Amino acid sequence: MPNGPRVRFAPSPTGFFHVGSARSALFNWLLARQSPTGCFILRIEDTDADRNREEWVEGIISAMAWLGLDLDEGPFRQSDNVETHISAATALLEGGYLYYCDCTGEDVQARKGDTKTPGYDGFCRDRGLSRGPTAALRFKTPRDGVTTVQDLIRGDVEFSNHTIDDFVVAKSSGAVLYALANVTDDRKDAITHVIRGEEHLPNAPKQILLWSALNDVLGDDVALPFYAHLPLLVNEQRKKLSKRKDPVATESYRDQGYVAPAFVNYLALLGWSPRGDEEIVPLTTIIEQFRLQDVSHSPAFFDVKKLSHMNGEYLRAMSSQEFITACGPWVSPWLSAWRPTDRDALWSERQFDAALFARVAPLVQERVATLGEVPAMVAFFFLDELPIDDAAFDKVIGADPLGQALLAAAVERFAEIPWEAPILHAATVELGEAMAMNLRKAQAPIRCAVTGSLVGPPLFESLEYLGREKVIGRLQTALAQCSA
RNA sequence: GGUCCCAUCGUCUAGUGGCCUAGGACAUCACCCUCUCAAGGUGGAGGCACGGGUUCGAAUCCCGUUGGGACUGCCA
């Protein structure tokens, strides 16, 4: 059986699950899914104990599950492999590829009077230091020659070895650092393609050097993986998306009511595009058409507006039943296994009426871009005390005698007609005509009195679903407020 | 500063030497539809950073300039 690509997504759990990470994970996953024998691995790179938190690990796993990026192997934890990392470092040291260095950061900085040397100047390379409590292990980077990164997206990228410093491989504490740990694990997992963000491009030559040194001292000949460095995701200032300053938490998009298929579709469009003019395409098409060599070279701006538009398209493409179900966590969180965080329900379990919501849902389905917008739009159906937009009220009722007159007429008329949307519609037209108001004008005071707002779902259906009693009650309440 | 990457409408992109009068999508503007708001429809404005080459021909290839970015940790 021919082996498909083995790819891994290797995040470090140091914060919320970044949208850039989500895209890296997606592109890795796509490559794995293109082949029946492809393998997608999640490896949590948690060797820096000071910065990792277990809740971030859970965040990564649940966000990936939400996106549908299923694993073939893992999740593995890099911290489970520290023994292997240490023995790799030991082998490298014995093979003459590493040396001990006890320089402090200040020492290194102080010697950097001449600007020529990149990073560390190799001060300890020939001092023959041995292991000690303050001695870190550095890699003896070749002084000459060139290391070429064969990048599937960018082509060959050459680094002169003299521009690469003798980087630290293991801390004085003995802990093996990213460059070596990552390479060691990639060898262990038989990774064939390393697909990651462009910020890792400068790491690639170091890791290639480490890889062949390991082949040498371990006496095996593990094939170097293919590399592919994805363009960065940037903010409006064209800077790399920052965890601190930019809205990058994938979880927060889920909380806002973006749906996974839309989110995945949008993510795929960042640096890649499907054939033809259609951008909203099913995942199967994306898997089918995706090619690393087609990935763009330049940074992409994460455009929430476009995401929202796509999400709206996905929402509208749902059946009513699917839409109603999808709204669950936002309209009836007490019934959901998962619920959005930091979003207080607008109404209580007692006030909510599932059957009513099912009738109302189609009215809002084509009016929202995210599920998070749904509660506010339908709140007037469930709330006992209606929040009223004061400016709207003044405009069409409070400061408008005609509006008040229409309301008063509506109270009488609505009491005696059959309670159906088309009839309510016709009655409102007539009421308006009697006062020289077109329907556009005539519906406004009713809408405001009943829904508290000048904008919202279609009015007459809303009146029908709300029921005669509540509607007339609200009309009277509004009228009473004018005389008060 | 050094190393490296990048450069098509405001944004994401199509474009791999003639199909380009540069296509699509989001955003934006106008109009239509319409009980509000959306959705939908139609139309408009808007781009190859600049300068040199190569070529019969360049958005596409080469060089330079300019601009942007990443990295430069005993983080990943």
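Chain naming here is simple, since letters A, B, ... match the order of the sequence lines and numbering starts at 1 in each. What you see is a predicted model; the values in this text were computed from it and never measured.
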- Task: Test the A:Arg138-A:Tyr100 pair against the cation-pi criterion, namely NZ or CZ under 6.0 angstrom from the six-membered ring centroid and within 45° of the ring axis.
- Result: no

- Parallel, tilted or perpendicular for A:Tyr266 and A:Phe302, by the 30°/60° rule? perpendicular

- Item | Positive for side-chain contact (heavy atoms from CB on, under 4.5 Å) with A:Pro205, one of A:Leu210, A:Val157, A:Ile164 | A:Ile164

- Of all the choices, B:C26, B:C75, B:A70, which nucleotide is nearest to the side chain of A:Asp303 once you look at every atom? B:C26

- Item | Nearest-angstrom distance from the residue atom OH of A:Tyr178 to C1' of B:C71 | 12 Å

- Message: Against the six-membered ring of A:Phe414, is A:Arg468 placed for a cation-pi contact (under 6.0 Å from the centre, within 45° of the normal)?
- Response: no

- Task: Calculate, to the nearest 0.5 Å, the distance between atoms CD1 and CD1 belonging to A:Ile397 and A:Ile446 respectively.
- Result: 9.5 Å

- When we call it a touch if two heavy atoms are under 4.0 Å apart, what does A:His229 touch: a base, just sugar-phosphate, or nothing? nothing

- Message: Please list, in numerical order, the residues of residues 10-21 of chain A that have a heavy atom closer than 4.0 Å to any atom of RNA chain B.
- Response: A:Ser12

- Annotated protein contacts, base or backbone, on nucleotides 36-48 of chain B with a non-hydrogen cut-off under 4.0 Å, one of B, S, - each: BBBSS--------

- Note on the structure: Residues at least two apart in sequence or cross-chain that pass salt bridge (Lys or Arg N to Asp or Glu O under 4.0 Å) with A:Glu83, listed by chain then number, are none

- Task: Return the nearest nucleotide to the side chain of A:Phe301; candidates are B:U16, B:C12, B:C35.
- Result: B:C12

- Message: Mind checking if A:Thr47 touches a base, just sugar-phosphate, or nothing, with heavy atoms under 4.0 Å?
- Response: sugar-phosphate

- Task: Scan every strand shown for a Watson-Crick or G-U wobble partner of B:C33, both distances under 3.5 Å, and answer none if you come up empty.
- Result: none

- With sugar-phosphate meaning primed atoms plus P, OP1 and OP2, does A:Asn203 contact a base, only sugar-phosphate, or nothing at under 4.0 Å between heavy atoms? base

- Message: Between P on B:C35 and CD on A:Glu433, what's the gap in Å once rounded to a whole number?
- Response: 13 Å

- Message: Does B:G10 have OP1 or OP2 under 4.0 Å away from a side-chain N or O of A:Arg238?
- Response: no

- Message: Can you measure A:Met310 atom CE to B:G24 atom C1' for me and round it to whole angstrom units?
- Response: 13 Å

- Nucleotide of B:U3, B:C74, B:A70 approaching A:Lys239 most closely (side-chain heavy atoms): B:A70

- Query: Would you say a side-chain N or O of A:Lys171 is under 4.0 Å from OP1 or OP2 of B:C75?
  - Reply: yes

- Name the nucleic acid region contacted by A:Phe167, choosing base, sugar-phosphate or nothing; use a 4.0 angstrom heavy-atom cut-off, strictly under. nothing

Under 3.5 Å, which protein N or O atoms sit close to an N or O of nucleotides 49-51 of chain B? Give each pair with its distance.
none

- Message: More than 12 heavy atoms of other residues, nucleotides or ligands under 6.0 Å from CD of A:Glu412: yes or no?
- Response: no

- So, does the side chain of A:Lys306 form a donor-acceptor pair with the base of B:A25 at under 3.5 Å? yes

- Query: A:Cys448 near the nucleic acid: base, sugar-phosphate alone, or nothing, with a heavy-atom cut-off under 4.0 Å?
  - Reply: nothing

- Item | Distance, rounded to the nearest Å, where A:Leu233 contributes CG and B:G69 contributes C1' | 13 Å

- When the distance from OH of A:Tyr465 to P of B:C35 is rounded to whole Å, what number comes out? 17 Å

- Query: With a non-hydrogen cut-off below 4.0 angstrom, is A:Glu461 in contact with a base, only sugar-phosphate, or nothing?
  - Reply: base

- Note on the structure: Looking only at heavy atoms, the pair that brings A:Leu26 and A:Ala268 closest together is CD2-N, 3.8 Å

- Message: I need the residues from residues 259-274 of chain A with at least one non-hydrogen atom less than 4.0 Å from RNA chain B; give them sorted by number, or say none.
- Response: A:Leu269, A:Leu270, A:Gly271, A:Ser273

- Rounded to the nearest Å, what distance is computed from the CG atom of residue A:Asn235 to the C1' atom of nucleotide B:A70? 14 Å

Which protein N or O atoms sit under 3.5 Å from an N or O of nucleotides 5-9 of chain B?
from : atom 1 : to       : atom 2 : distance (Å)
B:C5 : O2'    : A:Arg154 : NH1    : 2.7
B:C5 : O2'    : A:Glu198 : OE2    : 3.1
B:C6 : OP1    : A:His297 : ND1    : 3.3

- Message: Just checking A:Phe9 against A:Trp29, ring centres under 6.0 Å apart?
- Response: no

- Select base, sugar-phosphate, or nothing to describe what A:Ala300 touches, counting heavy atoms under 4.0 Å on all strands. sugar-phosphate

- Partner nucleotide of B:C4 by Watson-Crick or wobble geometry (both distances under 3.5 Å): B:G69

- Query: Just checking, A:Arg23 and A:Phe27: is the charged tip under 6.0 Å from the six-membered ring centre and within 45° of the axis?
  - Reply: yes

- Would you indicate which nucleotide in B:G68, B:A70, B:A76 comes nearest to any side-chain atom of A:Glu45? B:A76

- Rounded distance (Å) that lies between atom P of B:C33 and atom CG of A:Leu439: 15 Å

- Task: Take atom CD1 of A:Ile164 and atom P of B:C71, then tell me their distance rounded to the nearest Å.
- Result: 17 Å

